Amino acid sequence: MEPIKKHEGLVYPLNRANVDTDQIIPKQFLKRIERQGFGEFLFYNWRFTDDGKEKPEFSLNDQKYVGASILVAGENFGCGSSREHAPWALQDYGFKVIIAPSFADIFYNNCTKNGILPIRLNESNTEELIEKSENRQYRITVDLQEQQITDSQGFSADFDLPAYQKEMLLNGWDEIAVTLNYEQDIADYESSH
Amino acid sequence: MSKPKTIIEKIWERHVVHQEQDKPDLLYIDLHLVHEVTSPQAFEGLRMKNRNVRRPELTYATMDHNVPTKHRNIIKDAISKKQMQTLKDNCKEFGISLADIDHPDQGIVHVIGPELGLTQPGKTIVCGDSHTSTHGAFGALAFGIGTSEVEHVLATQTLWQVPPKSLNVQVNGKLGKGVTSKDLILAIIAKFGVRFGTGYVIEYTGEAIRELTMEERMTVCNMSIEAGARAGLISPDDNTVEYLRGRRHVPQDQEAYEAISKEWKALATDPGAVYDATVVIDAEEIEPQVSWGTNPGMCIPVSASVPDPIHAETTSKKEEIERALEYMDLEPGQRMDTVPIEHVFIGSCTNSRLSDLRRAANVIRGKKVHKKVQAIVVPGSFSVKAAAEAEGLDVIFTQAGFEWRDAGCSMCLAMNDDIVPPGERCASTSNRNFEGRQGNGARTHLVSPEMAAAAAIEGHFVDVRKFTEATMQS
Ligand code: SF4
């Protein structure tokens, strides 16, 4: 996967809690056997009418968010189904960083396996980012090494993430290759069980 | 004496392959279940890197999400068909057992694991499916994973995992008559919220849990993920041992089975073990539940009224309720037992086992499905279907006007042809009432099999306890 170190980009605010993976990528698009090409189906039922026309009232369809690469949302983002098609769709659409006060566990893991940086940010900072981006184009810089989010007007917030995930994301490692370095431990475990 | 431990700690310790500071533990996986939707990209990943499946004999696959439940072999959707064919090809290439679409062992992955005795106490079990928590009913540590992790397990039979925090959900007292384990888990999620389990593994304890049958326990553990917990489990006891006895993948020899049963029961949480958190709920306060909104925490007793957003504590809660009511086309204050329905779905990995079907059949015996309602029963597996037919349940259902289908996920997520049309309402025994889950624009209400059955007859929700009483007298 692509390493992610520092990212500067346009913020798209999705001010909803409990956004589930059924909304991120509806089931009718889970039949494909590839990893690519899910972006056009991202938030499909929110973005499009039954006959495939864009719904102007859904904010992602707003011109000012074209090219957004940082999604900021409410609590418990990515709950529900384990479908990795959800991060694939977000990534394919162009999102590289997702910020929310909390994430569902499986979704969080799935992001880090695909080089998407999920950031757990406290509620007040998240709200501030949402506010600043709701009516205008707003850009921030996310520095993974420093674990810091900044904007050009003096906003600054630190975030936490597990050391292991940080290392994987910074280096873009293939986790299976890493694990295969422990081949002997696995074999030993197997022969003693 | 050594420090008392929870079952979670005991299973964990036995599966650590490698441990080092500032890293998750490398955990060994005993059983990997696979289905057609979340596996193709994982197998493709193996091929691209020229990797193999490390332990095909610990891997077991089935087809469930896409399969048609009538006209079994006519798969109109070419992409679905390709996905199923891909699983078949992958299993063949990598030497994995597969319960194919017409195999007698086919069924929903979380129904057949326990049925075949693949699911056993103390095992670590994963599947690219969030309802893998179901297998926790047997005292296994079972959790859903994404496709990258599926690939990782295929290649290494391990996963990097942070030791979970433990959450004791203690259910005191006894469930009332006509109140099921589905009502219990819905009430738990309604009370504590859809994220109270995030970051935890739940252990369900207490008198009400001990009294549940294994199939009822599966219903509870199944929905742990709806509370945010990746896994939920119950310490094994005599129920567990008796349920698994004689199943295909457990020791058949009696002495060997007694020996392993002893080991299983020793896994139970020790008295005095400490959990990271505990919540308590009283079983006696629980009534039959119906979900009114668009996540499983939005549940109320059937006799209650739809909540009013003006009473919400925060603006974001208020907006969430308003959005849910709009999607569900419900009015604040509307009584749940007046809401009419057009569809009934009895099935899914939550409620499609033999005892679920028996209990629903008992409610409808000799009655007719309401003329405005379309009702289907989808057994969880071929073997559930056969067992139900052997005792005539299919006849009870079809005579009442239900359709009797073949096994699969079906209308739980509507990836096949079993879809609720836009704007229509379904009483469903499944586990998710998310927007569009059963079809774009479809409105899902989660209930127990008994409640779904009673609603099918009445054409609207009704307290199954009153329904049974009234119809017994008439
Ligand atoms: S029945 Fe529904 S919840 Fe269960 S595995 Fe199938 S789709 Fe998932």
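Computed from a predicted structure; not experimentally measured. Quick note on labels: first sequence line is chain A, next is B, and so on, each numbered from 1.
- Of the listed residues (A:N45, A:I106, A:T21, A:V178), the one with the most heavy-atom contacts under 4.5 Å to chain B is A:I106.
- The candidate with the highest count of non-hydrogen atom pairs below 4.5 Å against chain A, out of B:P422, B:S39, B:A414, is B:A414.
- Taking a cutoff of 4.0 Å between a charged side-chain nitrogen and a carboxylate oxygen, A:D20 and B:R432 do not qualify as a salt bridge.
- Rounded to the nearest 0.5 Å, atoms OG1 (B:T147) and NE2 (A:H85) are 5.5 Å apart.
- The part of B:K49 that comes within reach of chain A is its side chain, from C-beta onward, which places non-hydrogen atoms under 4.5 angstrom from that chain.
- Side chains of B:H65 and A:K27 form no contact here, defined as non-hydrogen atoms less than 4.5 Å apart.
- Within the model, atoms CG of A:N181 and OG1 of B:T156 stand 12.0 Å from one another, a figure rounded to the nearest 0.5 Å.
- Rounding to the nearest 0.5 Å places CZ of B:F43 at 12.5 Å from CD1 of A:I33.
- Within the 4.5 Å cutoff, the side chain of A:P162 has no heavy atoms near those of the B:V162 side chain.
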- Message: Please determine whether side chain to side chain contact (heavy atoms under 4.5 Å, CB included) holds for the pair B:T294 and A:Q23, giving the CA-CA distance in whole Å, both sets of side-chain angles, and the decisive distance to 0.1 Å.
- Response: CA-CA 11 Å; B:T294 51; A:Q23 306 318 316; over 6 Å; no

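- Between B:W160 and A:Y182, the ring planes are perpendicular. Angles over 60° get that label, and only those under 30° would be called parallel.
- Taking both residues in full, the closest heavy atoms of A:Y164 and B:P24 are given as CG-CD, 3.4 Å, listed atom of the first, atom of the second, then distance.
- Looking at every heavy atom in both residues, A:S81 comes nearest to B:S130 through CA-OG, 3.7 Å.
- Within the 4.5 angstrom heavy-atom criterion, no atom of B:H131 approaches chain A.
- Listed options B:K82, B:H18, B:M84, B:R54 were ranked by heavy-atom pairs under 4.5 angstrom with chain A; first place goes to B:R54.
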- Message: Evaluate A:R16 against B:R323 for side chain to side chain contact (heavy atoms under 4.5 Å, CB included), listing each step before the verdict.
- Response: CA-CA 10 Å; A:R16 298 185 184 193; B:R323 243 196 332 269; 3.5 Å; yes

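- Interface remark: A:Y108 contributes no atoms to any contact with chain B (heavy atom separation under 4.5 Å).
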- Task: Determine, stepwise, if the pair B:E320 / A:N18 fulfils side-chain hydrogen bond (donor to acceptor under 3.5 Å, both in side chains).
- Result: CA-CA 9 Å; B:E320 200 181 359; A:N18 303 319; 2.7 Å; yes

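- Summarising the geometry, atom OG belonging to B:S148 is positioned 9.0 Å from atom CE belonging to A:M1; distances are rounded to the nearest 0.5 Å.
- Looking at A:D105, its side chain never comes within 3.5 Å of a backbone N or O of B:T198 through a donor-acceptor pair.
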- CA sep, side-chain torsions, deciding dist, call: A:I176, B:R51, side chain to side chain contact (heavy atoms under 4.5 Å, CB included): CA-CA 10 Å; A:I176 296 176; B:R51 288 172 177 150; 3.5 Å; yes

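- Among all heavy-atom pairs drawn from A:H193 and B:R14, the shortest one is NE2-O, 3.6 Å.
- Highest contact tally toward chain B, considering only A:D174, A:N15, A:L180, is held by A:D174 [criterion: heavy-atom pairs under 4.5 Å].
- In this structure, chain B has no heavy atom under 4.5 Å from any part of A:Q28.
- B:Q83 approaches A:R32 most closely through the heavy-atom pair NE2-O, 3.7 Å.
- Residue contact with chain A, scored on non-hydrogen atoms closer than 4.5 Å, is absent for B:Q21.
- Both the backbone and the side chain of B:I79 come within contact range of chain A, each with at least one heavy atom under 4.5 Å from a heavy atom of that chain.
- With salt bridges taken as basic N to acidic carboxylate O contacts below 4.0 Å, one links A:R35 and B:E151.
- Proximity to chain A (any heavy atom under 4.5 Å) is restricted, for B:T86, to the side chain, taken from C-beta onward.
- Between B:L26 and A:D185, every side-chain heavy-atom pair lies at or beyond the 4.5 Å cut-off.
- Ion pairing of A:E190 with B:R55 is present here, as a side-chain N (NZ or NE/NH1/NH2) and a carboxylate O approach within less than 4.0 Å.
- Ranking A:W88, A:W46, A:F103 against chain B, the residue ahead of the rest is A:W88, based on heavy-atom pairs under 4.5 Å.
- In this structure a side-chain-to-backbone donor-acceptor pair under 3.5 Å is present from A:K31 to B:M415.
- The 12-atom threshold is not exceeded at CG of B:N50, counting heavy atoms of other residues, nucleotides or ligands nearer than 6.0 Å.
- Listed for the B:Q157 side chain is no donor-acceptor partner under 3.5 Å among the backbone atoms of A:I186.
- Note on B:T38, B:N440, B:D129: by heavy-atom pairs under 4.5 Å with chain A, the leading option is B:N440.
- Using a 4.5 Å heavy-atom threshold, the side chains of B:E435 and A:D22 count as separate.
- In terms of heavy-atom pairs under 4.5 angstrom with chain B, the leader among A:D50, A:D188, A:L30 is A:L30.
- Atom SG of A:C79 and atom CZ of B:F434 lie 4.5 Å apart (nearest 0.5 Å).
- Looking only at side-chain heavy atoms (C-beta outward), A:E84 and B:E149 stay at 4.5 Å or farther from each other.
- At a 4.5 Å heavy-atom cutoff, the contact between A:N114 and chain B is made by side-chain atoms alone.
- Shown here is A:E57, whose CD atom has more than 12 heavy atoms of other residues, nucleotides or ligands within 6.0 Å.
- One finds no salt bridge joining A:E167 and B:K23 here, because no Lys/Arg side-chain nitrogen approaches an Asp/Glu carboxylate oxygen to under 4.0 Å.
- Neither the backbone nor the side chain of A:A86 comes within less than 4.5 Å of any heavy atom of chain B.
- In this structure the side chain of B:T158 never reaches within 4.5 angstrom of the side chain of A:Y189, judged on heavy atoms.
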